[in-house]
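Here's the structure, in structure tokens; my notes come after.
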2 protein chains.
Amino acid sequence: MLLDNMSIKKSDTRSRVRDAVLSLVADTPETALRMVDIAKRAGISRQALYLHFATRTDLLIATTLYVDEAKDIDARLAASRTAISGEARLDTYIDAWGNYIPEIYGIARVLLALKESGDEAAAAAWDSRMAAMREGCTAAINALKTDGRLSPAYPRGRATDLLWTMLSVHNWEHLTIDCGWSQKAYIANLKISARQLFVVAEEGE
Amino acid sequence: MLLDNMSIKKSDTRSRVRDAVLSLVADTPETALRMVDIAKRAGISRQALYLHFATRTDLLIATTLYVDEAKDIDARLAASRTAISGEARLDTYIDAWGNYIPEIYGIARVLLALKESGDEAAAAAWDSRMAAMREGCTAAINALKTDGRLSPAYPRGRATDLLWTMLSVHNWEHLTIDCGWSQKAYIANLKISARQLFVVAEEGE
DNA sequence: CCGTCAATTGACAGATTGTCAAGTAATTTA
DNA sequence: TAAATTACTTGACAATCTGTCAATTGACGG
């Protein structure tokens, strides 16, 4: 049908544009991507970008959501919910999220820079993603609490805040890029740290 | 003498401009300070800013250094070196740096945003400040090691990296602003966390 | 053959940084 | 007192980037 062709074609160029953003982000350390460069890489004119995305911010947010979808973040994070014990849940959550970060880091940097330069839409998009991530932290801490294995050093809310902070993209960036840790070392050390901070020995052990 | 008057007057306007930046930063959540607004607040014309600072980046870096000097960061961090035990040193360092962060947070945000938008001079200025801060982390971890109280969970370099990351401005921002922790709670919890992560019980206790 | 629609092209407004040249007002120097 | 110096002002302008608009092109379906 006609409508099908239209929507297919439309979404085709949209995808090419988002891929262009991702390819640019992968190629350059710049976070200040210019519309003209994105257009060039997508093989269309700069003005044509505005036929698909209202603003630069819109385009960058859409690209972020696109990556989330493509990498199926929801499913990967949800998998950690199947873990039986609180400890296992903490570990699998660190695995799931910690290994997700490098996949979104490129576009996340761009979105973060946009947020930090005062863009409210970008801030809202980023904060909503981080709120979703916090859910997993809450769940992991709650599971520990249920098992009676949550350290008494912090009330539940504080423990969640701390875990949430430890798992931030900025910390991943600092440890892997600034400190040179491998991804494997990052994951391993975060698991160790989280256990030291939040998990106490099982009762009657 | 003539030269004296000149340098006094010149440095007077320079100071007014830097104060204008700080006052703007305190007033607005914006990191994208415009030259015209800075000039207005300093009571001079926009173009006159360039008589004192070569570029916007230069001005913002100079303001950061000015705050460092005014708040005497060096002296405050150096004080932690007088602590006797490694444990005390860790605590006093967290106190010194952790309580310094809120004083520089405003201008630090601006410099960080500049760095993250790809400004190399801003990045160099920021990185050099953070390298200086890392020195204190290294010293604290080394002091613990000397006392035989450093946790075997991490080699010295890893422990330093972790402490350095924990004390980052981004983490302070996340915990106090995003999570709503008071400054007092921030300091107290960071001390607890650092002990849990890095300090082991004294031998023969 | 005629619409429709994505995309192109050229032009332009608006914001912002940075530069330049000419002028002004106060202070210093001779 | 007259000339020179200094900090600053004002107006103009280049360059860059985002976003908008109007006119046009080219393909494709019916």
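Every chain is numbered from 1 and lettered A, B, ... according to where its sequence line falls, protein lines coming before strand lines.
Among D/dT18, C/dT17, D/dC8, the nucleotide with an atom closest to any side-chain atom of B/His52 is D/dC8.
Between A/Arg41 and A/Asp27 there is a salt bridge, since a side-chain N of the basic residue sits under 4.0 Å from a carboxylate O of the acidic one.
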Considering only distance and modelled atom types, tabulate donor-acceptor pairs under 3.5 Å from the side chains of residues 126-133 of chain A, sequence neighbours left out.
unit_1, atom_1, unit_2, atom_2, d
A/Asp127, OD1, A/Lys115, NZ, 2.7
A/Arg129, NH1, A/Asp68, OD1, 2.7
A/Arg129, NH1, A/Asp68, OD2, 2.0

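Proximity of a side-chain donor or acceptor of B/Arg16 to a complementary backbone N or O of B/Ala42 within less than 3.5 Å is detected.
We find that CD1 of B/Ile44 is positioned 12 Å from P of D/dT10, with the value rounded to whole Å. Remark: C1' of C/dT17 and CG of B/Leu59 are 13 Å apart, rounded to the nearest angstrom. Look at CZ on B/Arg46: it is 13 Å from P on D/dG11, rounded to the nearest Å. When the P atom of C/dG14 is taken as reference, atom CZ of A/Arg56 falls 22 Å away, rounded to whole Å. Rounded to whole angstrom, the span from the CG atom of B/Leu51 across to the P atom of C/dC20 amounts to 12 Å. One can place CG of A/Leu49 at 12 Å from P of D/dT20, the figure rounded to the nearest angstrom. When the P atom of C/dT17 is taken as reference, atom CG of B/Asp58 falls 14 Å away, rounded to whole Å.
Among residues two or more places apart in sequence or in another chain, the salt bridge (Lys or Arg N to Asp or Glu O under 4.0 Å) test is passed with B/Glu103 by B/Lys71, B/Arg76. For A/Asp37, the salt bridge (Lys or Arg N to Asp or Glu O under 4.0 Å) partners at least two apart in sequence or on another chain are A/Arg34.
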Spell out protein contact along nucleotides 22-27 of chain D as letters: B when the base is contacted, S when just the sugar-phosphate is, - when no protein heavy atom is under 4.0 Å; keep the 5' to 3' order.
------
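Within residues 27-39 of chain A, the residues approaching DNA chain D are A/Leu33, A/Arg34, A/Met35, by heavy-atom distance under 4.0 Å. For residues 106-126 of chain A, proximity to DNA chain D is found at no residue, defined as any non-hydrogen atom under 4.0 angstrom from a strand atom.
For the residue pair B/Tyr154 / A/Ser193, a side-chain donor-acceptor distance below 3.5 Å is found, with atom types taken as modelled. Judged purely by distance below 3.5 Å, without hydrogens or angles, the side chains of B/Thr57 and B/Asp119 pair a donor atom with an acceptor atom.
Between B/Leu167 and B/Ile101, the shortest heavy-atom contact is O-CD1, 3.7 Å. In this structure, B/Val200 and B/Pro152 approach most closely via the heavy-atom pair CG1-CD, 3.7 Å.
In this structure, CG on A/Leu90 lies 11.0 Å from CZ on A/Arg149, to the nearest 0.5 angstrom.
The neighbour count for A/Ile177 CD1, taken as heavy atoms of other residues, nucleotides or ligands under 6.0 Å away, is above 12.
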